[in-house]
Amino acid sequence: MHPGAPASRGGTGFRAAGEERALTSVAAGNRFERGDGAEADGAEDRRPGGSADTPRLWHVTLSVSGRRAPLAEVRRALEQLAHDHPFLLTSRYAGDHAEIRYWEEARDLHDAAAVALRLWGEHRRTAGLPPWEIVGLEVVDRATYHQRVAEGCCPSPATPVGVHPF
């Protein structure tokens, strides 16, 4: 959004040139008012018998890309990342992009996504990863992942674990 543009989603008007836009969010677990005026818990667990504080499994797909790098270096770096963090299921790569799939245990989607968004940057130096940026992130719960596998919409759990070229 450029300076002076109308604020989105019910904003109160225009910002002065150079004025910073304040960002707000509702933290997981905070209470908020629903559209019908009733109050709801933002972290309420919708699973039968579940608890909002019980960790759940989330399937994460992290996509990165950037300037072309030698394939052997990309493969070696992804193998080092998998060695350092054995939770990685599979990585696919090319000279200018890669995709990492793994399971994350977290309290909620917010926590799983936060961990995923830090993964590449925090391990760039130690694993020798290319200086690529994150260009995509998908985090889905276990039930959604298994539903997609059953529908043939994503690689099955039998997809070979490890680091593979696209």
Sidechain N-carboxylate O distance under 4.0 Å for [X], [Y]:
X	Y	value
Glu133	Arg67	no
Arg124	Glu122	no
Asp141	Arg56	yes

Measure the spacing between [atom1] of [X] and [atom2] of [Y] and express it to the nearest 0.5 Å.
X	Y	atom1	atom2	result
Glu138	Thr144	CD	OG1	9.0 Å
Trp132	Asp96	CH2	CG	6.5 Å
Leu78	His123	CG	NE2	13.0 Å
Leu109	Glu104	CG	CD	11.0 Å

Heavy-atom pair of closest approach, residues [X] and [Y]:
X	Y	answer
Gly128	Ala77	O-CB, 3.3 Å
Leu71	Ala94	CD2-C, 3.5 Å
Ala127	Arg76	O-NH1, 3.4 Å

Query - Aromatic ring pairing His146/Trp103, orientation class (parallel under 30°, perpendicular over 60°, tilted between) - result: parallel
Hey, is the main chain of [Y] close enough, under 3.5 Å, to the side chain of [X] for a donor-acceptor pair?
X	Y	result
Trp58	Ala106	yes
Ser63	Glu99	no
Arg101	Val60	no
Trp120	Val64	no

Requested in this report: Would you please test Ile100 and Leu81 for side chain to side chain contact (heavy atoms under 4.5 Å, CB included) and show each step?
Outcome: CA-CA 10 Å; Ile100 300 168; Leu81 180 63; 3.9 Å; yes
For the residue pair [X] and [Y], establish whether any side-chain heavy-atom pair is separated by less than 4.5 Å.
X	Y	value
Arg75	Pro165	yes
Leu119	Leu62	yes
His59	Val139	no

Requested in this report: Decide yes or no on side chain to side chain contact (heavy atoms under 4.5 Å, CB included) for Leu117 and Leu137, but give the supporting numbers first.
Outcome: CA-CA 8 Å; Leu117 289 170; Leu137 173 65; 3.7 Å; yes
Query raised in the report: How about Phe166 and His97: are their ring centres within less than 6.0 Å of each other?
Result: yes
Query raised in the report: Is there a chain of hydrophobic side chains (I, L, V, M, F, W, Y, each step under 4.5 Å between heavy atoms) that links Val149 to Leu57?
Result: yes
Query raised in the report: Going hydrophobic residue to hydrophobic residue with side-chain gaps under 4.5 angstrom, can you get from Val115 over to Val140?
Result: no
